[in-house]
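Excluded from the calculations below are hydrogen atoms, water molecules and symmetry mates; all remaining heavy atoms, backbone and side chain alike, are included. Owing to the predicted nature of the structure, the values given are computational and were not obtained by experimental measurement.
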Amino acid sequence: MLKDGTRIEADLVVMGVGVRPSLAVAEAAGLTIDHGVVVDEYLSTSAPGIWAAGDIASWPDPHSGERLRVEHWVVAERQGQTAARNMLGRRERFDAVPFFWSAHYDVTIAYVGHATHWDRIAISGSFAGRNVVAAFHAGDRITAVATIFRDDVSLRAESAMERDDQPALRRLA
């Protein structure tokens with residue numbers, strides 16, 4: 001209802017269709033751009049002495065072999081910490097396993113790893129029971145795991161991916 005008493009009835013649809021980083025400053029500075037500011041494994045840009053982190057940084061993911069940008073605040077925080085240490089003279093690679101989580105009303109979904117392509121998705125659990133694990137398989141490797149209300153599995157999958165422990169990932173899925 002509006003302040004003037006007018007009653008409005010409508011359905012509401014909210015849709016997220018992605019994030020496009022604002023690259024104007026980076027482009028004007030002459031930094032290399034490819035769907036974000038291109039950084040190396042140390043989060044250094046193409047210009048000496050300049051680092052990038054967070055939603056804008058496109059980094060080489062050692063786990064998938066692909067260049068990624070992940071729009072999640074925890075990834076941005078971790079990258080910022082790594083970039084800061086490197087600004088202080090360390091040579092620390094950013095090699096965290098990519099992940100995100102999102103809450104949709106009363107359902108929490110977590111995703112760890114990176115799967116652009118897969119041969120099959122092995123699903124265990126119950127969607128109706130809100131207890132699901134979905135493992136994305138590419139050949140004989142599990143490249144990503146999505147969960148619904150299975151944070152324990154998501155954390156163990158992240159740990160297994162950090163160690164490149166495929167047998168441990170197969171036990172989770």
Taking all non-hydrogen atoms of both residues, which atom of [X] and which atom of [Y] are closest, and how far apart?
{"X": "Arg85", "Y": "Arg90", "result": "CD-NH1, 2.9 Å"}
{"X": "Ala157", "Y": "Leu172", "result": "N-CD1, 3.4 Å"}
{"X": "Met161", "Y": "Val112", "result": "CE-O, 3.6 Å"}
{"X": "Ala115", "Y": "Ala144", "result": "CB-CB, 3.8 Å"}
{"X": "Pro98", "Y": "His63", "result": "CD-CD2, 4.3 Å"}
{"X": "Ala96", "Y": "Asp61", "result": "O-OD1, 4.3 Å"}

Whether [X] side chain and [Y] backbone form a donor-acceptor pair below 3.5 Å:
{"X": "Ser46", "Y": "Thr32", "result": "yes"}
{"X": "Asp119", "Y": "Gly139", "result": "yes"}
{"X": "Asn86", "Y": "Glu92", "result": "yes"}

Side-chain ion pair, [X] and [Y], N-O less than 4.0 Å:
{"X": "Asp40", "Y": "Arg93", "answer": "no"}
{"X": "Asp164", "Y": "Arg141", "answer": "yes"}
{"X": "Arg156", "Y": "Glu158", "answer": "no"}

Once rounded to the nearest 0.5 Å, what's the spacing between atom [atom1] of [X] and atom [atom2] of [Y]?
{"X": "Thr108", "Y": "Arg150", "atom1": "OG1", "atom2": "CZ", "result": "14.0 Å"}
{"X": "Asp55", "Y": "Ser22", "atom1": "CG", "atom2": "OG", "result": "12.0 Å"}
{"X": "Asp95", "Y": "Arg78", "atom1": "CG", "atom2": "CZ", "result": "11.0 Å"}
{"X": "His104", "Y": "Ile148", "atom1": "NE2", "atom2": "CD1", "result": "9.5 Å"}
{"X": "Leu23", "Y": "Leu31", "atom1": "CG", "atom2": "CG", "result": "9.5 Å"}

Report yes or no: do Ser154 and Asp151 form a side-chain donor-acceptor pair below 3.5 Å?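 Their side chains do not contain a donor-acceptor pair, so the 3.5 Å distance test is not met.
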Side chains of Arg163 and Ser159, donor plus acceptor under 3.5 Å: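 There is such a pair between these side chains.
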Student check: side-chain heavy atoms of [X] and [Y] closer than 4.5 Å:
{"X": "Leu43", "Y": "Trp59", "result": "yes"}
{"X": "Ile142", "Y": "Gln166", "result": "yes"}
{"X": "Arg69", "Y": "Pro21", "result": "yes"}
{"X": "Ser126", "Y": "Val132", "result": "no"}
{"X": "Ile33", "Y": "Glu27", "result": "yes"}
{"X": "Pro167", "Y": "Leu169", "result": "no"}
{"X": "Thr82", "Y": "Gln79", "result": "no"}
{"X": "His137", "Y": "Thr143", "result": "no"}

Hphob cluster co-occupancy, [X] + [Y], side-chain heavy atoms under 4.5 angstrom:
{"X": "Val97", "Y": "Val75", "value": "yes"}
{"X": "Ile109", "Y": "Val133", "value": "no"}
{"X": "Phe149", "Y": "Phe99", "value": "no"}
{"X": "Leu68", "Y": "Trp51", "value": "yes"}
{"X": "Ile123", "Y": "Phe136", "value": "yes"}

Can you confirm if the NZ or CZ of Arg91 lies within 45° of the ring axis of Tyr42 and under 6.0 Å from the centre of its six-membered ring?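 Cation-pi check for Arg91 and Tyr42: passes.
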Parallel under 30°, tilted from 30 to 60°, perpendicular over 60°: which one fits the rings of Trp101 and Trp73?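 The arrangement is perpendicular - the two ring planes meet at more than 60°.
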Other residues, nucleotides and ligands only: do more than 12 of their heavy atoms fall within 6.0 Å of CZ on Arg67?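 Atom CZ in Arg67 is packed in, count exceeds 12.
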